[in-house]
A.B. asks: 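Can you keep this structure in mind? I'll have questions shortly.
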4 protein chains.
Amino acid sequence: MQSRTSSTTPPARTGGRPRSAAADAAILEATRQGLVELGWSKLTLGAVATRAGVAKTTLYRRWAGKSELVVDAVAELFDELEVPDRGSLAADIEGVVLQFAVLLGRPETKTALMAVVAESTTDEPLRDRIRASIVDRQKRLVLAGRKRAQERGELPAEPDTVAAARTADLIFDVIAGAVVHRALVSAEPVDEEWARRFTLLLLGGLAAAAAQT
Amino acid sequence: MQSRTSSTTPPARTGGRPRSAAADAAILEATRQGLVELGWSKLTLGAVATRAGVAKTTLYRRWAGKSELVVDAVAELFDELEVPDRGSLAADIEGVVLQFAVLLGRPETKTALMAVVAESTTDEPLRDRIRASIVDRQKRLVLAGRKRAQERGELPAEPDTVAAARTADLIFDVIAGAVVHRALVSAEPVDEEWARRFTLLLLGGLAAAAAQT
Amino acid sequence: MQSRTSSTTPPARTGGRPRSAAADAAILEATRQGLVELGWSKLTLGAVATRAGVAKTTLYRRWAGKSELVVDAVAELFDELEVPDRGSLAADIEGVVLQFAVLLGRPETKTALMAVVAESTTDEPLRDRIRASIVDRQKRLVLAGRKRAQERGELPAEPDTVAAARTADLIFDVIAGAVVHRALVSAEPVDEEWARRFTLLLLGGLAAAAAQT
Amino acid sequence: MQSRTSSTTPPARTGGRPRSAAADAAILEATRQGLVELGWSKLTLGAVATRAGVAKTTLYRRWAGKSELVVDAVAELFDELEVPDRGSLAADIEGVVLQFAVLLGRPETKTALMAVVAESTTDEPLRDRIRASIVDRQKRLVLAGRKRAQERGELPAEPDTVAAARTADLIFDVIAGAVVHRALVSAEPVDEEWARRFTLLLLGGLAAAAAQT
DNA sequence: CGCTAATCGAGACGGTACGTCGGGTCTTAGG
DNA sequence: CCTAAGACCCGACGTACCGTCTCGATTAGCG
C-alpha cells in the first residue's frame with residue numbers, strides 16, 4: 001500500500017530544485033480523469049499536463065511516455081484490492097472477484113488496462129513495469145487467500161514450494177483472465193451470480209487437481 | 001469460413017469502375033505485416049497503403065479507421081481455429097488451448113487483439129464488429145466441443161437451454177481468459193504441460209459444478 | 001517584375017492535387033503583417049500559418065524556414081522600386097534614395113532586412129537567395145540610372161566593361177550602405193535634405209574618381 | 001577603453017557576497033566563442049552559461065537577455081579601433097576602412113552586429129545600448145580623423161558646428177554603411193584595392209561638397 | 001569570530017514555439 | 001465510378017530554450 005516506484009528514479013541526489021511531490025499527484029489524478037473523459041486513444045499528454053496545471057516538460061521529465069504514465073496512474077487503483085475475510089475460501093474468492101470486477105467496471109481501468117497490455121507486447125520494459133505495478137499486486141491476493149484458507153484448515157499445507165507456486169500461477173491466470181475476459185471482451189456483467197458460479201467451478205477444479213496429485 | 005463483412009458495404013450497384021478485389025487482399029496482408037514489424041501503436045494507415053501499393057483513398061473508402069481494418073486483418077487468422085477430434089474431451093480441450101496459444105504467439109495477433117479490445121471499450125460498433133468477427137468464432141468452438149463430448153457420452157445432454165448457454169459462456173470466458181492472461185499478461189509459455197494442468201482444473205470444476213445442480 | 005522563384009521548385013510534375021496558388025499569396029501577405037505587428041524575433045511560423053488560414057505543414061512544404069519565407073515576403077516589396085525620370089542624374093539619384101528610404105521606413109522591411117542578412121552570415125544558401133531576390137533587384141537600378149545618364153550625355157560611355165562593373169558595384173555599396181546605415185543603424189530620417197547632401201557627395205566623388213582615371 | 005556599462009547596475013551596496021568579476025569575463029568570452037561556433041540564432045544562453053562554467057542564474061542576474069549580452073560581448077572588440085596616423089587623410093581613411101573590414105571579417109562580429117541592429121529596430125533601449133557601446137565608438141573615429149586632417153591643414157576649420165556635425169554624420173553613414181554593405185551584403189572582400197577606390201570617391205565627394213557651400 | 005546577506009552551482013518549474021508525423025479529406029488526371 | 005498521387009487542414013507529438021524559482025552551499029564584510 002506504499003508509494004509506487006515513483007516513476008523514474010530521480011537522477012543522483014545532488015543540488016538543484018527538488019521535484020514537486022504535488023505535481024506527481026496532480027498528474028496521476030489528471031491522467032485518470034482524462035482516461036474517464038477521453039478514453040485511452042484520445043488521451044494526450046498535453047491534455048493531461050494542462051489539466052494537472054503542469055508543464056508538458058514536467059511530465060516528460062518523470063515518465064517516458066503515455067503507457068508508463070497510465071500504468072502508474074491505474075496502478076494506484078489496484079492498491080485498494082485486498083482479500084476480505086468472509087469466513088470461507090469460497091466466500092473469500094467471490095469477494096475478491098467482485099472487488100476486481102468493480103475495479104474493471106471503472107471507465108479509467110476499463111480503457112487503460114487492455115491498452116497498456118497491448119503496448120507491452122512490443123515493449124519489454126513496459127511489460128516489466130506492468131508486472132511490478134499491477135500484476136504482482138494482484139497475485140499477492142491469491143497467495144494471501146491460500147494462506148488464510150490453510151490457516152482455516154480448508155486447504156492442506158503444501159510442502160513442495162515449486163508446485164505450490166506453479167499452482168498459484170495457474171489459479172491467478174484463471175481468475176484474473178476469466179474476470180477480465182468476462183468484463184472487457186464478452187462485456188457481460190460480473191455480478192454475484194456469475195461470481196458464485198465461477199467460484200464453484202474453480203474450487204471444484206482445485207479439489208480435482210489436488211486429488212490427482 | 002466465408003468472406004468477412006467486407007468492410008463497408010459498397011453503395012448501390014450502379015455503373016463505373018468496379019472495386020479491385022486484389023486491393024482488399026493486399027491491404028489486409030500489408031496490415032498484418034505492418035502489425036508484425038511495427039506493432040499496433042506505430043502502425044499507420046499511410047504505411048499500410050504504401051506497402052500494399054494502394055492509395056490512401058482506396059483504403060479509407062473501404063474501412064472507417066485503423067481499428068476496423070485491423071479487426072478484419074486478424075479475423076482471417078481466426079478462421080483456422082477448429083476443434084480437433086483427439087478422442088476425448090480432455091484431449092480436445094488441450095488441443096484447442098494449444099491452437100489458441102499458437103495464434104496468440106504470432107506477433108500480429110498478440111499486439112492487435114488487446115489493442116482492438118481496448119479500443120472497443122469506448123467504441124460500441126467496434127465491439128460488435130469484434131464479437132462478430134472474432135469472439136463468436138471462438139465461442140463456437142466451445143459449443144462444438146461440448147456437442148462432440150455429448151455425442152461421445154462424456155457429458156450429459158442438457159435440456160435447460162438457458163442454463164446450458166450460461167455454462168458455455170462461463171467456460172468460454174475461463175478458457176479464453178486464462179490462455180490470454182497466461183500468454184500476454186503473465187507472458188509465460190502456454191505449453192502442453194500448462195494445457196494439461198489447466199484442462200485438469202477445468203474438467204474437475206465442470207464435474208463439481210454439474211454435481212451441484 | 002515577374003514572379004519570385006516561387007519558394008522551392010515543385011518536385012516533379014506528376015499527378016496529385018496541385019499546390020494552391022492562393023495559399024502562397026496569403027502566406028506572404030500574412031508574413032508581412034506578422035512582421036509589422038510582432039517584429040522578426042517574435043514572428044512565429046505557426047502564427048503566420050494561422051493568420052494565413054493555412055496549415056503549418058503547407059507552409060513547411062514550401063519554405064525551409066523563417067528566413068527563407070521572410071526573404072520572399074519582403075522581396076515582393078522591392079519590386080516596386082524603379083528609377084524615376086526626373087530629368088537629371090542628380091535628381092534621379094535623389095529619387096531612388098528617397099524611394100529606398102520609404103521602403104526601409106516600413107516596419108516590415110525595417111525589422112526583416114537586417115535580420116535575414118544576419119542569418120545569412122552563417123547560411124550560404126540564404127545569402128544566395130537574398131542576393132537573387134533582393135540585392136540584384138536593387139543593383140539593376142544603378143545600372144539603369146547610369147544608362148539613362150549616359151543617354152542624356154551626363155556621363156561618358158565606358159568602353160572598359162570590367163572597370164564599369166566594378167564602379168557600379170562600388171556605387172551600389174555606397175548608396176545602399178549609406179541609406180541603410182542612416183535609416184537603421186543611426187536611426188535618423190532619410191529626408192530630402194539628406195538625400196540632396198548625399199547625392200552631392202556621391203556625384204562629386206564620381207567626378208573626382210573619373211578624373212583620376 | 002574603460003569598463004562597459006557593466007550590464008545591470010548592482011542594486012544598492014549592502015553586505016553579502018560580491019559578484020564574481022571572473023564570471024563576467026568568462027561569460028563574455030563564452031558568448032563570443034558561441035557566436036563563432038553557432039551564429040546568433042543558434043546561440044542559447046543556456047549554452048553560454050554551460051560553456052562559461054556558470055549557472056544560468058548568474059547570467060540573468062547581470063544581463064536582461066541575449067541581445068544585451070551580445071552587445072556587451074562584441075562591444076569589447078570595437079575597443080581596438082583607432083585612427084592610425086598614416087601621414088595623410090586619404091591614408092588614414094584607408095587605414096580605418098581596413099581596420100573596420102578586419103573586424104567585420106570575424107565571424108562573431110559578422111553574425112552579431114546585424115542581428116542586434118535588427119533587434120534594435122523594435123527595441124528602443126537596445127538601440128541606445130548599441131549606440132553607446134558600438135556606434136559612438138566608431139563615430140569618434142570620424143571626428144578624430146577630421147581633427148587630425150585639420151591639424152595637418154588638409155581640411156579647413158569649420159566654424160559652423162552644426163553643419164560640421166551634420167557632415168560628420170553623413171561621412172560616418174557613408175563609410176560605415178559602405179563597408180558593412182560590401183562585406184556582409186555583397187559579401188565581397190574589402191581589400192586595399194577597394195579601400196583605395198572608395199577613399200578616392202569619398203574625398204572627391206567631400207571636396208565637391210565643400211566647394212558647394 | 002561569528003552574523004548576515006547576497007552570491008554561487010544546480011536543476012526543476014510553467015511556458016511557448018519548434019519542425020514532424022499521422023489522420024482523414026479533397027482535388028487533380030487518368031482508367 | 002474507381003484509382004494513384006499528393007496537397008490540404010488539423011491536432012498531437014516530443015524537444016529545446018526561455019526566464020523564473022527554489023534549493024543547499026559559499027563567501028565576503030560588518031559587528
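Lettering of chains follows the sequences in order, A, B, ..., and the numbering in each one begins at 1.
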A.B. asks: Return no unless some side-chain N or O of A:Arg61 is found under 4.0 Å from OP1 or OP2 of E:dC13.
C.D. replies: yes

A.B. asks: Rounded off to whole Å, could you give me the CG-to-P distance for the A:Leu69 and F:dC13 pair?
C.D. replies: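 From A:Leu69 CG to F:dC13 P: 11 Å.
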
A.B. asks: Salt-bridged, C:Glu119 to D:Lys42, with N to O below 4.0 Å?
C.D. replies: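 Looking at D:Lys42 together with C:Glu119, the answer is no, because their closest N to O distance does not fall below 4.0 Å.
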
A.B. asks: Take the protein atom CZ of D:Arg62 and the nucleotide atom P of F:dT20, then report the distance between them rounded to whole Å.
C.D. replies: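 D:Arg62 atom CZ is separated from F:dT20 atom P by 16 Å.
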
A.B. asks: For A:Asp72 and A:Ser133, what are the C-alpha separation, side-chain angles and deciding distance, and is it a side chain to side chain contact (heavy atoms under 4.5 Å, CB included)?
C.D. replies: CA-CA 7 Å; A:Asp72 280 12; A:Ser133 298; 4.2 Å; yes

A.B. asks: For C:Gly65, is there any backbone N or O sitting under 3.5 Å from a side-chain donor or acceptor partner on C:Glu68?
C.D. replies: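 Yes; at least one donor-acceptor contact below 3.5 Å.
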
A.B. asks: Between D:Thr58 and A:Ala55, which has a closest nucleotide on DNA chain E that is more 5'?
C.D. replies: D:Thr58

A.B. asks: I would like to know whether B:Glu124 and B:Arg129 meet salt bridge (charged side-chain N to carboxylate O under 4.0 Å, His left out); could you show each step before the answer?
C.D. replies: CA-CA 9 Å; B:Glu124 182 87 37; B:Arg129 193 185 195 95; over 6 Å; no

A.B. asks: Atom CD1 of C:Ile27 and atom C1' of F:dC9: how far apart are they, to the nearest Å?
C.D. replies: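 For the pair C:Ile27 CD1 and F:dC9 C1', the rounded distance is 12 Å.
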
A.B. asks: Does the side chain of A:Arg19 get closer than 4.0 angstrom to OP1 or OP2 of F:dC21 through an N or O atom?
C.D. replies: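 False: A:Arg19 side-chain N/O out of range (4.0 Å or more) of F:dC21 OP1/OP2.
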
A.B. asks: Can you check the A:Leu38 CG to F:dA12 C1' distance for me, whole Å?
C.D. replies: 13 Å

A.B. asks: Give a yes/no verdict on a cation-pi contact between B:Lys110 and B:Trp40, requiring under 6.0 Å between NZ or CZ and the six-membered ring centre and an angle within 45° of the axis.
C.D. replies: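 Here B:Lys110 fails the 6.0 Å and 45° test against B:Trp40.
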
A.B. asks: At under 4.0 Å between heavy atoms, which parts of nucleotides 21-31 of chain E does protein reach? Answer with one letter per nucleotide, 5' to 3': B base, S sugar-phosphate only, - none.
C.D. replies: BBSBBBBB-BB

A.B. asks: Between A:Glu76 and A:Arg32, does at least one N-O distance fall below 4.0 Å, as a salt bridge requires?
C.D. replies: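 Yes.
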
A.B. asks: If I take atom CG in residue D:Leu59 and atom P in nucleotide E:dG9, what distance separates them, rounded to the nearest angstrom?
C.D. replies: 10 Å

